[in-house]
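Reading through the structure tokens given below for one structure.
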Amino acid sequence: MKFALGQSVQRLEDDPLLRGAGRYADDFALARAAHVCFVRSPHAHARIRGMDAAAAARMPGVVSILTGKDAAADGLGNIPCLIPVPGLKETPRPVLALSRVAHVGDPVAMVIAETFQQAKDAAEKVDVDYEPLPAVTGTRKGEVAFEVGLGESKAKVEAALAKAAHVTRLELVNNRLVANPIEPRAALAEYDAATGRTTLYTPSQGPHHLYGQIADAVVKTGRDKLRVVSGNVGGAFGMKIFLYPEQPAVVWAARRLKRSVRWTGERSEGFLSDAQGRDNYSIAELATDKDGHFLALRVTTWANMGAYLSNFGPFIPQLAAPMLSGVYRIPAIHLDIKGTLTNTVPVDAYRGAGRPEAIYLLERVIDVAALELGLAPDELRRRNFIEPAEMPYQTPVESRYDSGDFAGILDRAMRQADWGGFAARKAGSEKRGKKRGIGLGMYIERCGGGPGDTVRVKVASNEVALYSGMQDNGQGHTTTFVQLLSHKLGVDVSKIKVVQGDTDVVPAEGLTGGSRFLALGGVAAVTAADDVIEKGKQEAARRLEAAASDIEYRDGEFRIGGTDRGIGLFELGNLESTQTRATEHYTYPNGCHICEVEVDPDTGGIAIERYTVVDDFGRAMNPKLLEGQVQGGTVQGIGQALLEHAVYDAESGQLLTGSFMDYAMPRAVDLPALDCGFHHVPCKTNPLGVKGAGEAGAVGAPAAVVNAVVNALGVRHLDMPLTAEKVWRELQ
């Protein structure tokens, strides 16, 4: 069986996962492994005056209890922030808190015992003497860790605002979210006494990203003494990119005790320690002339960083800037960012990472401007669309769009959504005592950035192996890589193997995130396959005693053109190519979401009656996988718009939504059937013509949903999430 590009192939990953044959981190069996339970701070901010672990140490099965003082004595470093920002306030984050805790859930000790229950029982006996300190949770109330200005000069934007015929001003919140992947974080460390080497098993989005930090900066083992392995990863959404205290902690404990140590987080720990997402407060000012043409956009954003600056934390609000032009001509744009520190869980990338925040802000302020100007929302957008003839288009915020048909996408989406029939449906809802609204959101995002990705392709006697430093966490990387190689090499899919997730064997360059898999990893794979074919032609020419220029390759065989003489790919064997694809140009997927809702005035309940998405991803390698990515991202965007919100008590700093009893995840009953369509315009900056799809749904959905609800209610603005209670109160 062979696969072609553009074919809707069923995921190859699904069969073993559905049969329970997957291997997630907690499935790795380590001989004589001790179990870890972390003692976590119950306070959002406190000084540690002392700690008494004597009673805990006497509990049955306890092997060791380690504290911040032990970590300091052993020379452990801090979890690093990897983003340099001028004037950045440092936030040292030890593996275990030493003298101060900065958020509820901050780890202060690790109890290691023969069983998890023994470790958990003993952890309750660790007596920590805390001196509570004032806690800050509000995004605009936290200490400013950094300030960044991006885009055009302030003076240019202010001048445009001053001469504008109309300025729309909108203050809005991008609510804080908890990632909640189905597989919790885990860290299992296996110590090899013979070599002094430690293997860390942990779910990640690229094991090399963690490997270097642990080996060089935190535990300081040296790279020859550490290996990091990721098996199947049960969801990540950005949250599993980053280094957390638990990962170096178990490596350190295993090396200290000279035995294997394992920890798998419970769901409650995830709420209190997994990097959270979003949490911005923004002021947007959009200037227009008398005909509704955009003149300038000024944005001020306070971005909550949490208690510590996570690996990429300061970078995330900056990623909003290149997207603030959206799909529109906006001559002058300026963004001021204030990153603030609060006594909350650190904030970092969550599906979309800065781009959803930018597009939500832009599409909401445009809808409000349309309301104030007396224009239909689609009409105001049409007056300002960048036209295909203007490509490539340079925005004032760094992005350079290579392709796109934004008006065409809007037209198709409105037809698909039956926009023209909305008035009749609204009248029908009113007869039933319901309010009906419709809203649209255009989006564009910048993808294909970050470090380069390396792919190695090796042909052996009866197999093609592809090695990638990127890490699949549900997207279907194996399926796509196999499709690419099967298409290029003409090889049966059963003879193609994809290897990932092991720092001993996969290339160091590779990280899953930013919807970059195909634009970087895919291009590297195709380039490596082409190189293998060229090397094969040289070797086939030597063996067949012919000129290399006479050798043709097709369906797994090298043949002298015009003859029946040939040699198979696997007969040659021992062909290998390693190729790296670095970011030369970004890609710009774009699209339109249209949401139609019905609101029950008696309860505030919102029902999404219709939902339409039309996307431009450049080219579809596998339409089935593509639609799956759109659906998943859109559901997360709907969840943010209507339900999800990580809420902290303003005085105590306690997380009030620390379980699924209080944090509302979207359920099947909350969601409509999604009507997905495509309007691809091939990308001109990579040979595959692809643009990236993994985060698009989460970028486009929130604005479309909120625009629909405020349209139904007849109000100017409501902040997410639009819960039934919030809507009901607004209606009163």
Side-chain angles (χ1 to χ4, degrees), residues 137-139 170-178 180 278-282 356 360-361 363-365 367-368 370-372 377 422-423 425-441 593-611 634-651 654-674 698 701-732:
T137 62
T139 302
L170 181 65
E171 298 188 28
L172 70 170
V173 170
N174 207 288
N175 42 318
R176 182 182 280 236
L177 305 173
V178 178
N180 280 318
R278 314 290 194 245
D279 203 344
N280 290 354
Y281 186 98
S282 296
Y360 175 69
L361 176 147
E363 291 296 305
R364 278 298 299 128
V365 76
D367 247 39
V368 174
L371 182 69
E372 293 176 352
F422 171 72
R425 295 190 295 274
K426 180 180 176 70
S429 295
E430 289 173 348
K431 287 181 180 178
R432 299 192 304 274
K434 305 292 178 67
K435 294 179 177 291
R436 199 174 189 101
I438 193 167
L440 70 88
H593 287 233
I594 295 179
C595 177
E596 191 169 325
V597 301
E598 192 173 71
V599 179
D600 184 341
D602 295 332
T603 66
I606 298 169
I608 299 179
E609 296 295 327
R610 302 163 71 102
Y611 201 101
T634 300
V635 166
Q636 286 184 274
I638 292 172
Q640 176 176 12
L642 297 182
L643 299 164
E644 298 184 52
H645 195 188
V647 179
Y648 289 85
D649 182 82
E651 293 186 7
Q654 294 292 326
L655 180 63
L656 301 179
T657 52
S659 77
F660 290 141
M661 292 293 290
D662 301 298
Y663 186 93
M665 294 281 281
R667 303 173 182 174
V669 71
D670 301 312
L671 304 166
L674 303 181
V705 174
V706 174
N707 286 345
V709 175
V710 298
N711 174 254
L713 301 181
V715 300
R716 186 174 187 269
H717 179 68
L718 279 179
D719 277 323
M720 300 186 290
L722 303 182
T723 62
E725 179 188 0
K726 183 180 291 185
V727 170
W728 182 84
R729 289 185 182 280
E730 182 67 23
L731 287 170
Q732 305 314 303

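Only heavy atoms go into these numbers, but all of them, side chains included; no hydrogens, no water, no symmetry mates. It should be emphasised that the depicted structure is a prediction, and the values quoted were computed from it without experimental measurement.
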- Message: Donor-acceptor pair, distance only, cut-off 3.5 Å: does the side chain of Asp662 make one with the backbone of Ser659?
- Response: no
- Minimum heavy-atom separation for Ile608 to Leu642, with atom names? CD1-CD1, 4.0 Å
- Query: Can you find a heavy atom in the side chain of Leu170 that is under 4.5 Å from one in the side chain of Arg716?
  - Reply: yes
- Task: Tell me, with the steps shown, if Glu430 and Arg436 meet salt bridge (charged side-chain N to carboxylate O under 4.0 Å, His left out).
- Result: CA-CA 8 Å; Glu430 289 173 348; Arg436 199 174 189 101; over 6 Å; no
- Message: So, taking the atom named CG in Leu361 and the one named CD in Glu171, what distance separates them when rounded to the nearest 0.5 Å?
- Response: 11.5 Å
- Query: If you measure from CG on Asn707 to CG on Asp367, what distance do you get to the nearest 0.5 Å?
  - Reply: 3.5 Å
- Message: Under a 3.5 Å cutoff, is there a donor and acceptor pairing between the side chains of Gln640 and Asn175?
- Response: yes
- Message: Can you tell me if Arg729 has over 12 outside heavy atoms packed within less than 6.0 Å of its CZ?
- Response: no
- Item | Value rounded to 0.5 Å, distance of CZ in Phe422 from CD in Glu596 | 5.5 Å
- First locate atom CD of Glu598, then atom CZ of Arg425, and finally report the distance between them rounded to the nearest 0.5 Å. 11.5 Å
- Query: Could you state the interatomic distance from CG (Asn180) to CD (Glu644), rounded to the nearest 0.5 Å?
  - Reply: 7.0 Å
- Determine the minimum heavy-atom distance between Thr657 and Ala646, stating which atoms define it. OG1-CA, 3.3 Å
- Item | Check: Phe660 and Val178 side chains under 4.5 Å, non-hydrogen atoms | no
- How far apart are the closest heavy atoms of Leu731 and Leu713, and which atoms are they? CD2-CD2, 3.7 Å
- Task: Check Ala698 against Pro356 and note the closest heavy-atom contact, atom names and distance.
- Result: O-CB, 3.7 Å
- Note on the structure: Distance col, row His645:NE2 vs Leu722:CG, nearest 0.5 angstrom, shows 11.5 Å
- Is any side-chain heavy atom of Met720 closer than 4.5 Å to a side-chain heavy atom of Asn174? yes
- Message: Looking at Arg432, I'd like to know if its CZ atom is crowded, meaning that more than 12 non-hydrogen atoms belonging to other residues, nucleotides or ligands lie closer than 6.0 Å.
- Response: yes
- Message: Can you confirm whether Lys435 is buried at NZ, in the sense that more than 12 heavy atoms of other residues, nucleotides or ligands lie under 6.0 Å from that atom?
- Response: no
- Over all atoms of both residues, closest heavy-atom pair of Ala708 and Cys595: CB-O, 3.3 Å
- Task: Test side chain to side chain contact (heavy atoms under 4.5 Å, CB included) on Asp600 and Lys434 and set out the steps.
- Result: CA-CA 5 Å; Asp600 184 341; Lys434 305 292 178 67; 3.9 Å; yes
- Message: For Ala650 versus Thr137, what's the shortest heavy-atom pair and its separation?
- Response: CA-OG1, 3.6 Å
- Heavy-atom side-chain proximity of Tyr611 to Leu671 below 4.5 angstrom: no
- Hey, are Lys726 and Glu730 close enough for a salt bridge, meaning a charged N less than 4.0 Å from a carboxylate O? no
